[in-house]
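All chains are named by letter (A, B, ...) in the order of the sequence lines, taking the proteins before the strands, and each is independently numbered beginning at 1.
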There are 2 protein chains.
Amino acid sequence: MENTQHDGRQQATAVEQPAARHDAAAGPPHTVRRQQTATERRRRELLEAADRVVLRDGPDASMNAIAAEAGITKPILYRHFGDKGGLYRALAVRHTDALLDGLRAALDSPVPRRDRVEATLDTYLTAIEMRPQVYRFLMHPSDEGQGADKDTGFDVGRHSAPLLRRLGEELAQVIGERLDLGPGGEELARVWGHGIVGMMHAAGDWWLRERPCSRAQLVQHLADLLWGRLAAAGDRLGGPGF
Amino acid sequence: MENTQHDGRQQATAVEQPAARHDAAAGPPHTVRRQQTATERRRRELLEAADRVVLRDGPDASMNAIAAEAGITKPILYRHFGDKGGLYRALAVRHTDALLDGLRAALDSPVPRRDRVEATLDTYLTAIEMRPQVYRFLMHPSDEGQGADKDTGFDVGRHSAPLLRRLGEELAQVIGERLDLGPGGEELARVWGHGIVGMMHAAGDWWLRERPCSRAQLVQHLADLLWGRLAAAGDRLGGPGF
DNA sequence: CACTCATGTTACCGCAAGTAACATGCGACG
DNA sequence: CGTCGCATGTTACTTGCGGTAACATGAGTG
């Protein structure tokens, strides 16, 4: 609590970039533009350095370590990203976007629904299998935000949603677009989107550390679950009332 | 790394209590017994104080704050719980056990399978709805363990599994016991256990902060998902290839 | 009484997040 | 040319937290 007031001076660069600054209001000295692109490039470089450190040292890497990797010192990081949460949020957005691109491709492949579901599951599992460090970083972002993001006013913070929510919304949208679910279908789609993503996540997390079966088998099992095999399975002999 | 060696002197009390120390080896002075029960009572008191603070200040409560709430100072906490992780693990075990009791009851109710599933979902959602603070604490335990627990040799650390895994295993066991899934059923049950728990968790998390519908509706939607309505739904008009 | 054992304290270390104040290189503009 | 704006960069500091060492006390036991 208290002491969370920034003085707003350097916020101009720390505010997660407005992202809508292509080429309007022509006229002013074009130096400012070049300077800005240079700043953005620097920001990317810093992000890549941070990425290296986080992937090497885990999510608890210190700001000092990241700054050292980038060949600079802490205050510069703070000027660019505001605080540690800002840096990590920026990192998470990069990786989340990358993962989402792959998933969208699988989600959009023109094959029967079951194959599409399997392809999506497999894409996700392959991703977390090949880069477990990235996965751990994305999935355990400590806690971050959840406080006072109203001042900037619009979409700041949404972008930083802990991946699972973004995935859930994305999937919900695809489901809502593709399936005819009757009245209340929007709501159903969203519930299912988040539910399926959670299923994928938890099962993947468990699978990743216990490796109880092949990826293909896991995909089949999960698809079977979504296809209602749980409801269809027979009771065991000698069970209780039902 | 390095410097993680304890000197083993106070470990006797910090080692997560052996928990198998009821009343064997009678004979030695019975004072030690009374002292031990007193110690355990103290430990419970400290846990309750910690609980109050964590529920009030969130999962980032400091050890100082917890000690103050208990009316003591830090070193005592460390004597009892070893480190902050130990304290939080003990807290998590308490709450997880409580939640699991409720879920087991729902899982064991002698009603048709669909009703049982719905009752379980509803129990979980009611729990996180009524005590969101507890829920947040349990679900976002930073990261904890994940390192070197082999020396003690048996179940230390298992008890501290981040709840989702415990729930998953629990559900897997119930599924494996109750359903006849043919060959490879064990594996299937575990996949499903973790998958379903993940579905419940992610959907619940999203529902808890967006409140897009009533709890009963959410339960229905999730049960529908598990009952294969996703596979059964019709395609939308004018969609792509499929 | 001496011993043990648990409780309790104060005072400290190390480290990480975050900040203040100062110094520098460069393009723009009079 | 000087100097202003602006971004980069630095050193040195504050604050707060996790964790520990060393010491003090009170109760029951031989």
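- Using a 4.0 Å cut-off between charged nitrogen and carboxylate oxygen, A:E169 and A:R166 do not count as a salt-bridge pair.
- Checked against D:dG18, C:dA17, D:dT8, the side chain of B:S62 finds its nearest nucleotide in D:dG18.
- Sequence neighbours left out, not one pair with a member in residues 191-203 of chain B passes salt bridge (charged side-chain N to carboxylate O under 4.0 Å, His left out).
- The CG-C1' distance, from A:L87 to C:dA16, rounds to 15 Å in whole Å.
- Looking at A:R94 and A:D51, no side-chain N of the basic residue comes within less than 4.0 Å of a carboxylate O on the acidic one, giving no salt bridge.
- For B:D57 and D:dC17, the CG to P distance is 11 Å, given to the nearest whole Å.
- Atom CZ in A:R43 sits roughly 20 Å away from atom P in D:dC6 (whole-Å rounding).
- Here D:dT20 presents its C1' atom at 17 Å from NZ of B:K84, a figure rounded to the nearest Å.
- We find that OH of B:Y78 is positioned 13 Å from P of D:dA21, with the value rounded to whole Å.
- Rounded to the nearest 0.5 angstrom, B:L91 CG and B:L87 CG are separated by 5.5 Å.
- In this structure, B:L77 atom CG and D:dC17 atom C1' are separated by 14 Å, rounded to whole Å.
- Rotation axes derived from the C1' atoms of the five outermost pairs at either end of the helix from C:dC1-D:dG30 to C:dG30-D:dC1 lie 30° apart, to the nearest 10°.
- In this structure, B:R211 is positioned above the aromatic face of B:W207, its NZ or CZ under 6.0 Å from the six-membered ring centre and within 45° of the axis.
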Would you check, one step at a time, whether the test ring-ring contact (aromatic ring centres under 6.0 Å, His included) holds for B:F81 with B:Y88?
CA-CA 9 Å; B:F81 303 104; B:Y88 276 40; over 10 Å; no
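- One finds the CG atom of A:L77 at 5.0 Å from the CE atom of A:M63 (value rounded to the nearest 0.5 Å).
- If you measure from atom CG of B:D83 to atom P of D:dC17, you get 17 Å, rounded to the nearest angstrom.
- If you measure from atom CG of A:D60 to atom C1' of C:dA17, you get 14 Å, rounded to the nearest angstrom.
- Donor-acceptor pairing under 3.5 Å is lacking for the side chains of B:H194 and A:D205.
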Distances under 3.5 Å only, N/O to N/O: pair up the protein atoms with those of nucleotides 8-12 of chain C.
| from | atom 1 | to | atom 2 | distance (Å) |
| --- | --- | --- | --- | --- |
| C:dG8 | OP2 | B:R42 | NE | 3.1 |
| C:dG8 | OP2 | B:R42 | NH2 | 3.4 |
| C:dG8 | N7 | B:R79 | NH2 | 2.1 |
| C:dG8 | O6 | B:R79 | NH1 | 3.4 |
| C:dG8 | O6 | B:R79 | NH2 | 3.1 |
| C:dT9 | OP2 | B:T73 | N | 2.9 |
| C:dT9 | OP2 | B:T73 | OG1 | 2.4 |

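- Atom CD of A:E187 sits about 8.5 Å away from atom CG of B:L218, to the nearest 0.5 Å.
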